[in-house]
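Presented below is the structure to which this report refers.
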Number of protein chains: 2
Amino acid sequence: MRQYECERCPLRGVEIFRKFTKEELNFVSDFKSGELAAEAGTTFLTQGSSSAYVYTVLSGWGYRYKYLEDGRRQVLNFVFPGELVGLQGAVLKEMEHSVQALSDMILCIFERKKLWELYKNYPMLAYDITWLAAREEQMLEEHLLTVGKRTAKERLAYLVLHIFERAKSLGMNKGKSFDVPLTQQHVADTLGLSLVHTNKTLRVLYNQELISWKKKTLTILDYDRLCDIAKWEGLGAQKRPFI
Amino acid sequence: MRQYECERCPLRGVEIFRKFTKEELNFVSDFKSGELAAEAGTTFLTQGSSSAYVYTVLSGWGYRYKYLEDGRRQVLNFVFPGELVGLQGAVLKEMEHSVQALSDMILCIFERKKLWELYKNYPMLAYDITWLAAREEQMLEEHLLTVGKRTAKERLAYLVLHIFERAKSLGMNKGKSFDVPLTQQHVADTLGLSLVHTNKTLRVLYNQELISWKKKTLTILDYDRLCDIAKWEGLGAQKRPFI
DNA sequence: CGACAAGTTGACGCACGTCAAGGCCGGTGG
DNA sequence: CCACCGGCCTTGACGTGCGTCAACTTGTCG
């Protein structure tokens, strides 16, 4: 049921996260009510349902998405280790999106009911949750700008940089390369492009020696030119909280 | 400096907002450090700057938007009375979007510094802020779906319904009509469409007797068919907090 | 009545979507 | 070991929804 004690949480060591006090750690440990191992492909939160839990990603990649009734799918954002999932479902009446595991994931389970205790007794953690929500909002806004205003080539450049930055901040990269459990269909559904056009645009980036993406390994060949193309300024690199 | 005392706040009476305790009201009144009257067209929060304040909208409409360096603009969302503006700038390092008044607005000013006090002493209000952030996120996600996957006609239908629902929940409508201080350029920049195509698509909706939009007055002529076209299920109508 | 912002309309072009046909590769079973 | 299958990727041909350009109209405010 619980393999990872909060006190020995493998993520705590990652530099980007702010340090917790002993007391906070104790509370979180108590707050945590178990772990969920989700295999790649599992949808563990579903659009339209109200979840009794909030999760923190311990390891693995996932993505949040929405469907239109006729099947059109929009990927909203990805979820990386240290991030909170399902807050909407806990705070509002229900989730209006689904979350699926891209790779095998381990999630820490927190009960919705206990969230209130956290707010009441650990204002710093409450503030942290707000911080995480604000950051999520910021990412969504940049995505909206991407889908609304960037061209196909700009979108691809943006997406590649976006996921690279996020992976890198967690040490999930190997130099300029990293493993990406995405299919081109995922990419297309993230960027509001068709599968075919996504494929052809990726080919352009490859031909221009900007990236290489073979067998789930993505390599950034020319970071600066990609930034230029994407017209993107990067994510802030502040220390971040994690519950 | 302060025309509207929190104790006599005109918004408190609006049914959709949850009631505050006497104590909460006192705190908010103390938290509030003044009012800002922004004329239509004023940009009162700017992309890239870090603001020392958070605002609550007392009256009027605004919109949040982002620019790409070459001038392409994406409208992210609108802001209505009772909503919080500038939380990102208060919690994270800086705002990554701007906010402009569409009509004349009155905003309550809160100091960023005091936000922490709120978290420490009024967990319920802290929770409310999270609630508002989660709702904002939900709206953004629906917008992303719209821009990514809906056709021009669907987008227009969606937008019309979206702003109508929000205005209506605040009693800002007159039956099926309401005043909309938007130009077609705003609409285009919200939906990721060109101005010309927006105009032509609006004409289609008008010709099909779905809406009428003349001189800043928008009328919903056929609510049901619009919903059908938009493939949208509406915003939740829960009681909402407001700081 | 002039000036300027906003809305309107038609003509034309292109970025991206759709369709369709293979190709590659890892997995499974005989 | 090969045969087959089902995902996923790739590529060309062709179609179209939406963008761009440009000119005109309408409304508004001095």
Side-chain angles (χ1 to χ4, degrees), chain A residues 39-41 63 68 70-75 100 102-103 146-160 179-208 211-219 229, chain B residues 39-42 63 68 70-75 100 102-104 146-160 179-208 211-219 229:
Chain A
E39 283 181 22
Y63 71 107
L68 237 31
D70 61 8
R72 283 175 280 177
R73 177 180 69 167
Q74 177 67 40
V75 173
Q100 191 171 75
L102 281 165
S103 63
T146 300
V147 174
K149 290 280 121 98
R150 286 192 239 249
T151 65
K153 192 176 171 190
E154 290 167 353
R155 291 185 212 189
L156 261 310
Y158 164 75
L159 180 64
V160 160
D179 286 346
V180 180
L182 295 172
T183 66
Q184 294 188 2
Q185 187 66 61
H186 289 120
V187 175
D189 288 345
T190 306
L191 299 177
L193 296 169
S194 72
L195 173 60
V196 174
H197 198 67
T198 300
N199 180 286
K200 286 176 181 171
T201 308
L202 277 170
R203 172 118 327 240
V204 171
L205 294 187
Y206 178 72
N207 288 341
Q208 299 189 355
I211 62 165
S212 133
W213 192 336
K214 296 235 163 96
K215 294 208 196 191
K216 308 290 169 201
T217 297
L218 173 55
T219 308
I229 291 168
Chain B
E39 282 182 22
T42 315
Y63 71 107
L68 235 32
D70 60 9
R72 283 175 280 178
R73 177 180 71 168
Q74 176 68 40
V75 172
Q100 191 171 77
L102 281 165
S103 63
D104 291 346
T146 299
V147 174
K149 289 283 121 103
R150 287 192 239 249
T151 64
K153 192 176 171 189
E154 290 167 354
R155 290 184 212 190
L156 261 310
Y158 164 73
L159 180 64
V160 161
D179 287 343
V180 181
L182 294 171
T183 66
Q184 293 188 3
Q185 187 66 62
H186 288 122
V187 175
D189 289 345
T190 306
L191 299 177
L193 295 170
S194 72
L195 173 60
V196 174
H197 199 65
T198 300
N199 180 287
K200 287 175 180 172
T201 309
L202 277 171
R203 174 120 321 240
V204 172
L205 294 188
Y206 178 71
N207 289 339
Q208 299 188 357
I211 63 166
S212 131
W213 191 338
K214 295 236 163 96
K215 295 212 198 187
K216 309 291 170 202
T217 298
L218 173 54
T219 307
I229 291 167

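We name chains A, B, ... by the order of the sequence lines, and we start the count at 1 in each one.
- Note on A/Thr201: nothing from the nucleic acid sits closer than 4.0 angstrom, heavy atoms only.
- When atom types are taken as modelled, the side chain of A/Asp179 and the backbone of A/Pro181 share no donor-acceptor pair closer than 3.5 angstrom.
- Atom CG in B/Leu195 sits roughly 10 Å away from atom P in D/dG19 (whole-Å rounding).
- The CG-C1' distance, from A/Leu191 to C/dA15, rounds to 15 Å in whole Å.
- Straight-line distance from the CG atom of A/Leu202 to the P atom of D/dC8: 16 Å, rounded to whole Å.
- Side chain of B/Lys216, nearest nucleotide from D/dC18, C/dG7, D/dT10: C/dG7.
- Look at A/Gln184 and you'll find a side-chain N or O under 4.0 angstrom from OP1 or OP2 of D/dT10.
- Comparing atom distances between the B/Leu193 side chain and each of C/dG26, D/dC9, D/dG19 picks out D/dG19 as nearest.
- For A/Thr183, taking side-chain heavy atoms from C-beta onward, the closest of the listed nucleotides D/dC8, D/dT20, D/dC18 is D/dC8.
- Looking at B/His186 and B/Leu195, their side chains never come closer than 4.5 Å, going by heavy atoms from C-beta outward.
- When the P atom of C/dT8 is taken as reference, atom CH2 of B/Trp213 falls 11 Å away, rounded to whole Å.
- For A/Arg203, the salt bridge (Lys or Arg N to Asp or Glu O under 4.0 Å) test picks out no residue, with sequence neighbours left out.
- Residue B/Leu156 contributes atom CG, which lies 13 Å from atom P of C/dG7 at whole-angstrom precision.
- Going from atom OH of A/Tyr206 over to atom C1' of D/dT10 covers 13 Å, rounded to whole Å.
- Taking the nucleotide of DNA chain C with the nearest heavy atom to each of B/Gln185 and A/Ser194, the more 5' of the two is matched to B/Gln185.
- Going from atom CG of A/Leu182 over to atom P of D/dG7 covers 19 Å, rounded to whole Å.
- Between C/dC24 and A/Lys215, no contact under 4.0 Å exists linking OP1 or OP2 to a side-chain N or O.
- Rounding to whole angstrom units, NE2 of residue B/His197 and P of C/dC16 are separated by 15 Å.
- A donor N or O paired with an acceptor N or O is found under 3.5 Å between the base of D/dG12 and the side-chain atoms of A/Lys200.
- For the pair B/Val187 and B/Trp213, the minimum side-chain heavy-atom distance is below 4.5 Å.
- Comparing A/Lys153 and A/Val196 by the nucleotide of DNA chain C whose heavy atom lies nearest to each, the residue mapping closer to the 5' end is A/Lys153.
- The main-chain N or O of A/Arg155 is never found under 3.5 Å from a side-chain atom of A/Arg150 such that the two would form a donor-acceptor pair.
- Listed pair B/Asn199 / C/dT8 meets the phosphate criterion, a side-chain N or O lying under 4.0 Å from OP1 or OP2.
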